[in-house]
Amino acid sequence: MTCEHMSCSYGGAPVIEGVDLTIRQGEFVGIVGPSGSGKTTLLRAMLGSVKPVHGSVTRQAGLRLAYVPQVETVDWNFPVTVGEVVGMSRPQRLMRPKSARSELTLIEDVLERLGLGGLVQRHIRELSGGQQQRVFLARALIQKPDMLILDEPTAGVDVRTRHEVLHVLADLNESPPHGDGIAIVLTTHDLNGLASHLPRLVCFNRTVVADGSPAEVLQPYFLERTYGAPMEVLQHGGMPIVLEQGGDELRNRLNRGTAS
Amino acid sequence: MIIAVDLLKPFSYEFFRNGLIIATLAGALCGLIGVFVVLRGMSYIGHGLSHAVFGGAALAAVLNLNYFIGAGFWGLASGLMIGRVSRKRIIGADAAIGVITTASFAMGLALQARFGQAKRSIDAVLFGNVLGVFTSDILAVAGVGILSAVVIVGLYRKLLFATFDPEVAGVSGVSVPAMEAVLMVLLSATILVTVRVIGVLLISALLVLPAVTARLMTNSFGRMLWLSPVLGAIFGGVGMYISWYADVPSGAVIILAGTLVFIAAYSAVGVRRRAQLAGINHH
Ligand SMILES: Nc1ncnc2c1ncn2[C@@H]1O[C@H](COP(=O)(O)OP(=O)(O)O)[C@@H](O)[C@H]1O
Ligand SMILES: [Mg+2]
């Protein structure tokens with residue numbers, strides 16, 4: 001999939017501009033940037049739900065895409081069970097008892113694989129944050145995609161859940177026979193917990209600021225241009241760790257506040 | 001023995017049997033469509049469409065046109081107009097519905113005042129009249145009911161996907177505008193054929209009550225989809241039967257019966273939730 005000089009808008013001024021980005025088969029790409037920088041819009045453009053006003057998106061013919069939205073956008077009060085969420089993305093066959101049974105087996109298999117066995121009848125609100133995330137991952141996987149697109153899959157989850165989600169995604173990305181060889185594109189806020197573990201990172205703020213390995217991309221110059229705030233990068237066991245600059249000054253001010 | 005005979009007495013009148021059949025069918029149909037009305041927040045559209053239909057029905061009565069042709073054409077035109085005005089985004093959809101359908105309703109009232117002889121059938125649309133139904137009305141409700149059931153079962157997954165998560169549905173190959181149009185057509189047809197039974201002033205309540213009651217009883221979309229029409233049919237049938245004895249317009253009794261069941265379900269759910277919370281607190 002290739003975006004060329006792509007700009008997108010929601011009717012007004014462009015929200016993202018002049019984006020050039022290519023995602024190849026089997027890649028695992030993280031997109032990082034501050035909130036409001038247009039990450040979700042970029043994903044929507046890749047999916048085709050937002051059309052570029054300039055430039056183009058080209059997808060390989062027959063490429064199957066599946067999308068996992070940010071869990072914050074889900075209506076958790078909607079009356080729908082785990083099994084119904086996963087099943088809704090399947091094409092509907094005529095209601096023969098036999099096909100209904102094989103359909104249920106298919107849904108249960110995907111849930112089992114993601115560690116959600118036995119939860120088919122549960123309402124989506126009666127799950128933990130990590131389980132909720134995986135239900136929507138299951139709905140995407142049952143479509144047997146070549147490329148999986150996830151919006152902030154680790155926003156608002158704890159360290160253990162983030163680990164779980166990452167491991168599931170790594171399995172899916174690994175090439176056969178061990179994994180499925182699915183290309184993965186995700187957005188994240190989490191520079192140290194997630195982004196620095198990925199093979200390829202894109203720093204994004206209205207356009208592509210930097211694109212490469214974490215070591216190439218997680219550098220003060222690019223980070224400042226992406227986040228608009230100075231940052232420091234340390235090396236720890238060969239991995240970059242990003243620190244916010246000005247932390248000392250902030251700590252001093254806060255401590256002064258509690259002292260007086 | 002005498003009591004038993006007395007309870008069955010209304011069934012010996014054909015107009016009561018017809019009324020009971022149509023009230024039950026109308027309740028089931030409104031319950032089915034109501035699932036989408038409630039989950040998609042379309043109740044104000046339903047309210048508006050029923051008022052628009054009133055204007056069309058009054059016009060049809062004055063011009064001596066067939067009700068289904070007059071009111072159906074008028075309802076369709078108002079629906080399209082609402083869509084056009086609200087897509088322009090100059091005024092909100094709710095304001096568009098308010099202006100267009102209230103104008104239509106006012107025209108109905110004016111026609112009613114000016115041409116007194118048409119009063120009877122206009123009254124029927126306003127307050128509902130279960131006892132004056134013809135076989136053609138029963139056939140119309142049954143026809144729209146079968147059509148709705150077939151369409152909703154056939155498009156079950158797409159309708160659910162488009163309602164629950166339109167953005168992802170759109171990129172997964174479901175045409176969300178097409179699903180919206182299908183539901184709009186079914187809702188309009190439902191209002192058209194049931195409004196003479198329930199009445200303009202009460203129809204939006206019958207579109208909402210069975211579905212919200214079913215929602216309180218289940219967390220599953222699939223179960224809600226059959227529970228809501230069953231509840232609607234019970235409200236319709238029982239309400240109709242009670243209205244015979246209470247000597248109160250059937251539409252009102254149907255809605256009151258539904259409201260009582262809703263309150264009972266709401267209280268029961270409240271008790272259960274409180275018990276669950278208490279259970280959690282003890283751990
Ligand atoms: N549906 C929409 N309609 C209009 N503006 C939008 C819409 N979605 C996002 N925007 C605007 O586009 C900009 C980028 O948003 P988004 O892509 O959601 O950023 P991110 O995902 O990085 O937080 C924001 O300024 C936001 O207000
Ligand atoms: Mg976003």
Side-chain angles (χ1 to χ4, degrees), chain A residues 11 40-41 43-51 59 64-71 73-95 100 103-104 107 120-127 135-137 139-140 142-145 147-151, chain B residues 34-41 87-90 149-177 179 182 210-228 265 269 272-273 276-277 279-280:
Chain A
T40 302
T41 308
L43 298 188
R44 285 184 182 140
M46 290 177 164
L47 289 160
S49 70
V50 168
K51 299 269 175 287
R59 300 173 198 83
R64 276 169 312 192
L65 292 168
Y67 182 46
V68 181
Q70 202 178 344
V71 289
T73 65
V74 173
D75 175 5
W76 296 104
N77 283 322
F78 197 95
V80 70
T81 62
V82 170
E84 287 171 339
V85 171
V86 180
M88 68 174 67
S89 66
R90 294 270 308 153
Q92 190 166 327
R93 309 247 176 279
L94 279 178
M95 301 273 185
E103 194 69 25
L104 186 62
I107 291 171
V120 187
Q121 293 289 339
R122 277 285 182 90
H123 185 248
I124 49 170
R125 205 183 31 214
E126 301 163 347
L127 301 170
V135 170
F136 288 88
L137 186 55
R139 181 178 72 181
I142 206 165
Q143 301 176 51
K144 301 213 175 307
M147 186 184 282
L148 195 56
I149 296 181
L150 305 96
D151 199 8
Chain B
V35 171
F36 294 96
V37 170
V38 165
L39 294 179
R40 304 178 64 92
R87 253 195 300 280
K88 292 237 170 24
R89 299 240 175 97
I90 298 166
V150 167
V151 168
I152 288 172
V153 169
L155 296 174
Y156 169 78
R157 280 185 168 162
K158 289 183 177 178
L159 289 170
L160 169 59
F161 208 167
T163 301
F164 174 59
D165 196 347
E167 178 170 18
V168 183
V171 298
S172 303
V174 175
S175 167
V176 178
M179 293 303 116
V182 163
V212 291
T213 310
R215 174 67 190 93
L216 290 173
M217 296 175 169
T218 182
N219 269 329
S220 151
F221 180 77
R223 276 197 290 276
M224 187 171 165
L225 213 45
W226 64 258
L227 200 52
S228 179
V269 167
R272 210 170 64 207
R273 292 255 162 87
Q276 274 172 3
L277 285 178
I280 289 166

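All values derive from a computational prediction rather than experimental measurement. In what follows, every chain begins at residue 1, and chains take the letters A, B, ... in the order their sequences are listed.
- Heavy-atom distances place no part of B/L159 under 4.5 Å from chain A, backbone and side chain included.
- The aromatic rings of A/F78 and B/F221 sit parallel to each other, their planes meeting at less than 30°, with 60° as the upper class boundary.
- Applying the side-chain contact (heavy atoms from CB on, under 4.5 Å) test between B/V171 and each of A/L43, A/L47, A/I149 identifies A/L47 as the sole match.
- Only the side chain of A/V85 has a heavy atom closer than 4.5 Å to any heavy atom of chain B.
- From A/H123, atom NE2 reaches atom OG1 of B/T218 across 9.0 Å, with rounding to the nearest 0.5 Å.
- Considering all non-hydrogen atoms of both residues, A/P91 and B/R157 come closest at O-NH1, 3.2 Å.
- Residue A/R64 does not touch chain B at all, counting heavy-atom pairs closer than 4.5 Å.
- The main-chain N or O of B/G222 is found under 3.5 Å from a side-chain atom of A/E84 such that the two form a donor-acceptor pair.
- Rounding to the nearest 0.5 Å places CG of B/D165 at 4.5 Å from CZ of A/R139.
- To the nearest 0.5 Å, atom CG of residue B/L39 and atom CG of residue A/D75 are 8.5 Å apart.
- When A/G87, A/A140, A/S49 are compared by the number of non-hydrogen pairs under 4.5 Å with chain B, A/G87 comes out ahead.
- For chain A, the option among B/R223, B/E167, B/M224 with the highest count of heavy-atom pairs below 4.5 Å is B/E167.
- When B/S172, B/S220, B/G154, B/G173 are compared by the number of non-hydrogen pairs under 4.5 Å with chain A, B/S220 comes out ahead.
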